[in-house]
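Predicted model, so just to flag it, every value in this text is computed and none were measured.
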Amino acid sequence: GQDSKAGYANGEYVITTNKTKWFVWSNPGNKTYKNVQAEVVVKNPGTAADASFGLLCNYLDKDNYYYAGIDTNGYYAILKYKNQKDNFLNSKGTWTKSTKIIPKANQYTIAIECIKNSIALFVDGTLIEQVNDSDYTSGNVVVFAWSNDTAKTEIHFDEFYISQLP
């Protein structure tokens with residue numbers, strides 16, 4: 001069968017996976033942003049207890065981008081994907097538990113800021129962590145879902161906003 005699918009349903013962008021540890025993102029098209037803030041409302045209506053989701057920024061191609069996200073258990077990460085390898089940028093160097101993220105919430109508002117050499121992750125309006133890296137300074141912004149150990153994952157994205165700062 002199909003490992004994943006993505007598209008619009010009932011006014012929301014939906015990513016579904018059918019394979020474990022499967023990382024899927026929306027098709028970014030050809031837009032380029034510099035000094036960008038992006039925000040999206042994310043819902044996990046499926047049965048995956050370990051789904052992860054969030055935003056990519058400064059996406060250049062499938063091998064070069066930053067991403068930041070959370071899982072349904074209150075963990076977060078900020079990473080750089082380079083040379084076909086994940087590089088953790090957040091302070092603990094791995095997925096990290098945050099008391100600022102409510103586990104198993106019905107929905108989350110996730111925001112990312114990629115401004116100059118800074119990448120910041122916000123959840124429900126609260127700054128989770130801000131890191132510095134200068135490898136990528138512009139690119140596209142897209143949403144992602146990751147299935148982790150539960151193959152069947154369904155994530156809904158709504159109210160996606162992007163703003164570019166001067």
Side-chain angles (χ1 to χ4, degrees), residues 4 6-17 21-26 28 31 33-59 65-81 86-133 136 139-150 152-165:
S4 65
Y8 287 95
N10 299 318
E12 297 178 321
Y13 193 78
V14 180
I15 296 177
T16 307
T17 66
K21 303 204 183 303
W22 203 243
F23 188 78
V24 182
W25 64 84
S26 62
K31 299 246 185 215
Y33 300 96
K34 186 172 187 151
N35 296 326
V36 69
Q37 296 172 309
E39 180 178 285
V40 66
V41 174
V42 184
K43 302 170 193 163
N44 176 23
T47 58
D50 59 353
S52 301
F53 35 80
L55 294 156
L56 282 71
C57 70
N58 295 349
Y59 176 96
Y65 52 86
Y66 296 115
Y67 66 106
I70 67 171
D71 73 6
T72 54
N73 297 308
Y75 286 79
Y76 76 95
I78 303 172
L79 301 99
K80 171 175 55 177
Y81 192 73
D86 282 326
N87 300 279
F88 283 91
L89 300 175
N90 52 299
S91 59
K92 301 272 190 204
T94 187
W95 283 87
T96 304
K97 181 84 167 171
S98 172
T99 57
K100 299 174 186 176
I101 302 170
I102 300 167
K104 311 280 188 250
N106 291 331
Q107 70 180 35
Y108 299 93
T109 300
I110 299 175
I112 193 169
E113 288 184 354
C114 296
I115 300 171
K116 296 184 179 169
N117 297 335
S118 171
I119 303 101
L121 171 66
F122 296 82
V123 177
D124 297 325
T126 301
L127 176 65
I128 304 302
E129 187 169 349
Q130 180 177 344
V131 301
N132 292 304
D133 191 89
Y136 313 130
N140 209 329
V141 178
V142 297
V143 296
F144 78 85
W146 183 48
S147 60
N148 206 1
D149 294 325
T150 305
K152 180 69 173 167
T153 299
E154 179 182 315
I155 303 297
H156 293 226
F157 299 91
D158 198 11
E159 301 176 41
F160 184 45
Y161 299 99
I162 298 174
S163 58
Q164 187 169 257
L165 302 174

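In this view, Ala6 and Tyr13, Ile15 satisfy the side-chain contact (heavy atoms from CB on, under 4.5 Å) rule, not counting sequence neighbours.
Minimum interatomic distance between Gly54 and Phe157 (heavy atoms only, all atoms of both residues): O-CE2, 4.2 Å. Nearest heavy atoms, Ala38 versus Val141: CB-CG1, 3.5 Å. Shown here for Gly11 and Asp158, the closest heavy-atom pair between the two residues is O-OD1, 3.6 Å. Closest of all the heavy-atom pairs between Glu129 and Ser91 is OE2-N, 2.7 Å. A pairwise comparison of heavy atoms in Tyr65 and Tyr59 identifies CB-CA, 3.6 Å as the closest pair. For the residue pair Cys57 and Ile112, the shortest heavy atom distance occurs at SG-CD1, 3.7 Å.
Looking at heavy atoms from C-beta onward, Val40 lies out of side-chain contact with Tyr161 at the 4.5 angstrom threshold. The closest side-chain heavy-atom distance from His156 to Asn44 is not below 4.5 Å. Contact check for Thr153 versus Thr16: no side-chain heavy atoms found under the 4.5 Å cut-off. Side chains of Val36 and Glu113 form no contact here, defined as non-hydrogen atoms less than 4.5 Å apart. In this structure, the side chains of Asn117 and Asp133 stay at 4.5 Å or more apart for every pair of heavy atoms. By the 4.5 Å heavy-atom criterion applied to side chains, Lys21 and Trp146 are counted as neighbours. Looking only at side-chain heavy atoms (C-beta outward), Ile162 and Tyr33 come within less than 4.5 Å of each other. Tyr76 places a side-chain heavy atom less than 4.5 Å from the side chain of Ile128.
Distance check, rounded to the nearest 0.5 Å: CG of Asn140 to CG of Asn58 gives 9.5 Å. Here CZ of Phe122 is found 4.5 Å from CG of Leu127. Values are rounded to the nearest 0.5 Å. Lys80 NZ to Asn87 CG: the interatomic distance, rounded to the nearest 0.5 Å, is 5.5 Å. Atom CH2 in Trp95 sits 7.0 Å away from atom CZ in Phe88 (nearest 0.5 Å). The distance from atom OH of Tyr66 to atom CG of Leu89, rounded to the nearest 0.5 Å, is 7.0 Å. Put simply, SG on Cys114 and CD1 on Ile119 are 5.5 Å apart, with the number rounded to the nearest 0.5 Å.
Remark: side-chain polar atoms of Thr72 are paired, donor with acceptor, to backbone N or O of Ala49 under 3.5 angstrom. With Asn35 contributing its side chain and Ile115 its backbone, the two residues share no donor-acceptor pair below 3.5 Å. A donor-acceptor pair under 3.5 Å links the side-chain atoms of Ser147 to the main chain of Trp22, judged by distance alone. With hydrogens and angles disregarded, a donor-acceptor distance shorter than 3.5 Å links the side chain of Asp71 to the backbone of Asn73. A donor-acceptor pair is defined here as one N or O able to donate and one able to accept, closer than 3.5 Å; no such pair exists between the side chain of Asn148 and the backbone of Ala51. A donor-acceptor contact shorter than 3.5 Å links the side chain of Asp50 to the backbone of Asp149. Under the 3.5 Å distance criterion, the side-chain polar atoms of Asn90 are matched with a main-chain donor or acceptor of Ile78. No donor-acceptor pair under 3.5 Å is formed between the side chain of Gln37 and the backbone N or O of Leu165. No donor-acceptor pair under 3.5 Å is formed between the side chain of Ser118 and the backbone N or O of Lys116.
When the shell of 6.0 Å around NZ of Lys34 is examined, it contains 12 or fewer heavy atoms from other residues, nucleotides or ligands. Counting heavy-atom neighbours within 6.0 Å of Asn132 CG, excluding the residue itself, gives a total above 12. Other residues, nucleotides and ligands contribute over 12 non-hydrogen atoms within 6.0 Å of the NZ atom of Lys97.
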Apply the test side-chain contact (heavy atoms from CB on, under 4.5 Å) to residues Val123 and Lys100: give CA-CA distance (whole Å), side-chain angles for both, the deciding distance (0.1 Å), then the verdict.
CA-CA 8 Å; Val123 177; Lys100 299 174 186 176; over 6 Å; no

Pair Ile155, Lys43 - check side-chain contact (heavy atoms from CB on, under 4.5 Å), show working.
CA-CA 6 Å; Ile155 303 297; Lys43 302 170 193 163; over 6 Å; no

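For Tyr81 and Tyr67, the gap between ring centers reaches or exceeds 6.0 Å. For Phe23 and Phe144, the ring centers are positioned less than 6.0 Å apart.
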